[in-house]
Engineer: 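I have a structure I would like to understand better, so I am pasting it below and will then ask my questions one at a time.
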Amino acid sequence: MKKLLLPAIAFFSLCVTTGFAQQPVHCASENYKQQKLAQDPSLQTAIDAEEQAATQFATDHPNGYQNRSVITIPVVFHIVYSNATENIPTSRITAQMDVLNKDYRRANTDTNLIPGIWKSIAVDCEINFCLAQRTPLGTWSDGIERRQSSTTSWSMNDDMKYASTGGLNIWDKTKYLNIWICKLSSNILGYSTFPPGNASEDGVVLDYRYVGTTGATAPYNKGRTATHEIGHWLNMRHIWGDDGASCSGSDNVSDTPNQADENYGAPSFPHTDGCSSSAPGVMFMNYMDYTDDASMYMFTAGQKTRMWATLNGSRASLQTSNGCQAPLGIAQSMMQGTFSISPSPTTGAFIINFGNASPENFDLSIYNILGEKIYFQHYDALNEAELHLDLQGNPSGIYLVEVISANGRTTKRIVLDKP
């Protein structure tokens with residue numbers, strides 16, 4: 001928190017790093033906002049209206065917002081790459097989703113590190129995320145699309161968001177959280193639009209090196225870059241208020257301590273500065289600071305209220321999105337039981353195990369992301385409980401394995417990673 005109330009918020013955020021061992025990084029959100037405002041000065045009206053709505057919502061919920069039902073936000077990842085390294089495997093995406101769902105539900109394993117003085121305000125934000133199960137046109141999706149581009153790095157001009165400039169177009173922002181993954185220039189970790197966002201650019205951009213956990217680049221290898229940037233997408237400001245080292249800016253949240261500027265690395269608690277000079281000091285472990293991934297692990301009740309102001313305001317349509325619901329057809333009958341698949345993810349070979357209930361006279365089909373049948377085989381009976389199959393040579397992504405017998409239909413997913 002900072003003392004000055006209701007400053008105009010940045011319409012966009014941009015978080016950059018010059019390298020862990022170099023000088024502390026600086027956020028270019030203000031420059032980015034000015035660039036957008038220069039292109040369209042009317043954006044200031046939307047910025048001001050969003051802030052007024054968030055302030056009124058907080059006033060209407062002085063004890064914090066307790067939602068009656070958890071929202072699940074459909075997410076689509078647009079991966080734009082120039083080489084195989086940048087085309088990160090699906091396992092990195094699923095790991096990132098796991099981080100988001102734990103961080104926004106206060107289910108992360110490092111909540112035990114939250115200082116005792118702030119444990120009571122460290123909250124479950126009651127926000128879940130799912131990989132989109134359908135496209136805007138209603139066809140089945142695994143929530144990931146990929147495109148190879150001749151562009152080797154991308155700047156904050158948002159070219160990665162347009163097919164016409166080598167990127168991938170946005171999905172309907174009223175139904176999906178759009179996340180673009182690419183190689184960002186100038187050592188940028190990621191950036192995000194603030195609400196309400198426009199129809200063609202709204203969403204989050206992440207450098208491929210800082211997505212997920214295993215395979216991501218330390219010290220930003222615990223998926224918290226996405227947690228941070230989605231915070232901006234839900235109208236969270238940086239905890240220090242983007243005012244330099246003075247104590248006059250504000251994140252417009254009442255329960256975050258006044259903070260001079262951003263923190264880096266892995267501070268020890270208590271950590272004080274010129275704005276909070278005595279214990280407990282500043283809340284450097286907040287997701288909206290700049291510390292290493294391993295040093296951030298909490299949102300506050302006030303931040304939750306601010307996020308839900310957006311989810312009941314300019315992003316309210318997400319509450320009725322059907323993006324998490326698979327369309328009727330092959331994905332409708334997905335259920336547990338009948339058989340298991342291992343390993344998943346796989347680079348090709350996998351095993352279907354029927355256990356002690358091997359069916360007779362059954363059809364086995366495999367479908368790709370488009371719902372196209374890429375494999376079919378009828379079996380009268382099995383001599384063993386296992387089937388050994390191979391998806392090698394197919395594009396990486398999520399596939400559906402379907403078994404139809406006299407006992408019914410069962411469909412399960414398998415994730416194919418690149419070798």
Side-chain angles (χ1 to χ4, degrees), residues 1-6 9 51 53-71 99-129 222 224 227-243 247 249-263 266-273 275-313:
M1 183 181 85
K2 295 298 182 69
K3 297 176 182 178
L4 181 65
L5 297 178
L6 295 181
I9 73 168
E51 191 58 42
T55 301
Q56 185 60 54
F57 191 88
T59 300
D60 294 341
H61 299 85
N63 297 318
Y65 183 69
Q66 298 299 319
N67 192 27
R68 294 181 179 179
S69 61
V70 176
I71 184 176
V99 170
L100 293 176
N101 282 317
K102 288 178 178 176
D103 287 353
Y104 278 83
R105 295 305 311 276
R106 199 179 181 267
N108 46 304
T109 57
D110 44 9
T111 55
N112 63 301
L113 300 176
I114 298 171
I117 194 170
W118 289 320
K119 282 189 180 295
S120 64
I121 61 170
V123 296
D124 171 3
C125 294
E126 297 183 282
I127 299 171
N128 283 335
F129 302 87
K222 291 187 176 293
R224 266 62 191 267
T227 301
H228 178 103
E229 297 303 340
I230 291 171
H232 287 313
W233 183 78
L234 290 169
N235 205 25
M236 293 304 308
R237 300 195 66 197
H238 289 136
I239 195 171
W240 65 94
D242 294 301
D243 66 334
C247 300
S250 178
D251 63 355
N252 295 330
V253 176
S254 61
D255 58 5
T256 57
N258 199 0
Q259 184 168 316
D261 52 19
E262 63 267 38
N263 291 291
S268 298
F269 178 81
H271 182 68
T272 61
D273 66 13
C275 299
S276 292
S277 56
S278 60
V282 297
M283 195 181 284
F284 64 82
M285 70 290 302
N286 194 282
Y287 292 122
M288 301 314 294
D289 207 335
Y290 273 4
T291 50
D292 294 348
D293 278 16
S295 293
M296 51 173 65
Y297 30 81
M298 67 174 288
F299 284 120
T300 70
Q303 289 175 315
K304 174 184 176 179
T305 299
R306 188 172 175 89
M307 285 187 268
W308 273 96
T310 299
L311 291 171
N312 283 292

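Only this structure's heavy atoms are used, side chains among them; waters, hydrogens and symmetry mates stay out.
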Engineer: Could you check if a side-chain atom of V282 sits within less than 4.5 angstrom of a side-chain atom of C275, using non-hydrogen atoms only?
Structural biologist: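 They are not in contact (no side-chain heavy atoms under 4.5 Å apart), so the answer is no.
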Engineer: Ring-plane angle category for W240 and Y290, please: parallel below 30°, perpendicular beyond 60°, tilted otherwise.
Structural biologist: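 Correct class here is perpendicular.
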Engineer: Is the shortest side-chain heavy-atom distance between V99 and T227 below 4.5 Å?
Structural biologist: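 They are in contact (side-chain heavy atoms under 4.5 Å apart), so the answer is yes.
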Engineer: How are the rings of Y65 and W308 set to each other: parallel, tilted or perpendicular (split at 30° and 60°)?
Structural biologist: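 Y65 and W308: tilted rings.
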Engineer: Using 30° and 60° as the class boundaries, would you call the ring planes of F284 and H271 parallel, tilted or perpendicular?
Structural biologist: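 Correct class here is perpendicular.
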Engineer: With no hydrogens and no angle check, is any side-chain donor or acceptor of Y104 less than 3.5 Å from a backbone partner on F299?
Structural biologist: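 Flag not set: sc Y104 to bb F299 has no pair under 3.5 Å.
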Engineer: Please report the interatomic distance NZ(K102) to OG1(T111), rounded to the nearest 0.5 Å.
Structural biologist: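 Going from the NZ atom of K102 to the OG1 atom of T111 covers 11.0 Å.
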Engineer: Can any side-chain N or O of T305 pair as donor or acceptor with the backbone N or O of A301 at less than 3.5 Å?
Structural biologist: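 Yes, the answer is positive, given that a donor and an acceptor are paired below the 3.5 Å cut-off.
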Engineer: Does D292 use its side chain to pair, donor to acceptor, with the backbone of A294 at less than 3.5 Å?
Structural biologist: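 It does not hold such a pair.
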Engineer: How far apart are the closest heavy atoms of R237 and S250, and which atoms are they?
Structural biologist: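 Where R237 meets S250 most closely, the heavy atoms are NH1-O, 2.8 Å.
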Engineer: Indicate yes or no: does R306 engage E51 in a salt bridge with an N to O separation below 4.0 Å.
Structural biologist: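 So R306 pairs with E51 through a salt bridge.
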Engineer: Do M283 and S276 have side chains that approach each other closer than 4.5 Å (heavy atoms only, starting at C-beta)?
Structural biologist: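 Sidechains of S276 and M283: no contact.
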Engineer: Between N108 and Y297, what is the shortest heavy-atom contact and its length?
Structural biologist: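 In terms of heavy atoms, the two residues are closest at ND2-O, 3.3 Å.
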Engineer: I'd like to check M288 versus M296 (side-chain heavy atoms, cut-off strictly below 4.5 Å). Are they in contact?
Structural biologist: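 No, their side chains stay 4.5 Å or more apart.
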Engineer: Indicate yes or no: at least one non-hydrogen side-chain atom of H228 is less than 4.5 angstrom from one of H238.
Structural biologist: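 Yes; the side chains approach each other to less than 4.5 Å.
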Engineer: Give the minimum heavy-atom separation between F57 and N312, together with the two atoms involved.
Structural biologist: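 Distance-wise, the nearest heavy atoms are CZ-ND2, 3.7 Å.
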Engineer: Rounded to the nearest 0.5 Å, what separates atom CD1 in I230 from atom CD1 in I127?
Structural biologist: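 Reported value, rounded in 0.5 Å steps: 9.5 Å.
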Engineer: Grab the two heavy atoms, one from T272 and one from A279, that are nearest each other, plus how far apart they are.
Structural biologist: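 Nearest heavy atoms, T272 then A279: CG2-N, 4.2 Å.
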Engineer: So, the side chain of N101 versus the backbone of F129: is there a donor-acceptor pair under 3.5 Å, distance only?
Structural biologist: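 Yes; at least one donor-acceptor contact below 3.5 Å.
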Engineer: How many angstroms lie between SG in C125 and CD1 in I71, if you round to the nearest 0.5 Å?
Structural biologist: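 That separation rounds to 12.5 Å.
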Engineer: May I ask you to decide if A260's main-chain N or O and D273's side chain share a donor-acceptor pair within less than 3.5 Å?
Structural biologist: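 Indeed, once roles are kept as given, a pair shorter than 3.5 Å links the two residues.
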Engineer: Pick from K304, R105, R106: which one makes a side chain to side chain donor-acceptor pair (under 3.5 Å) with D124?
Structural biologist: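 When side chain to side chain donor-acceptor pair (under 3.5 Å) is applied between D124 and each of K304, R105, R106, only R105 qualifies.
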Engineer: From the options L234, N286, V123, select the one residue that forms a side chain to side chain contact (heavy atoms under 4.5 Å, CB included) with Q303.
Structural biologist: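 The residue from L234, N286, V123 that satisfies side chain to side chain contact (heavy atoms under 4.5 Å, CB included) with Q303 turns out to be N286.
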Engineer: If you look at every heavy atom in D293 and K222, which pair is closest and at what distance?
Structural biologist: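 Nearest pair, atom of D293 first, then K222: OD2-N, 2.9 Å.
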Engineer: Take M236 and Y287 through the side-chain contact (heavy atoms from CB on, under 4.5 Å) test and state the conclusion after the steps.
Structural biologist: CA-CA 10 Å; M236 293 304 308; Y287 292 122; over 6 Å; no
Engineer: If you round to the nearest 0.5 Å, how far is CD1 of I239 from CG of D261?
Structural biologist: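 If I round to the nearest 0.5 Å, the distance is 12.0 Å.
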Engineer: Any non-hydrogen side-chain atom of E262 less than 4.5 Å from a side-chain atom of D289?
Structural biologist: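 They are in contact (side-chain heavy atoms under 4.5 Å apart), so the answer is yes.
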Engineer: For A309 versus A54, what's the shortest heavy-atom pair and its separation?
Structural biologist: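 Answer, listing the atom of A309 first, then A54: CB-CA, 3.9 Å.
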Engineer: With rounding to the nearest 0.5 angstrom, report the CD to CG distance, E126 to N128.
Structural biologist: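 Reported value, rounded in 0.5 Å steps: 9.5 Å.
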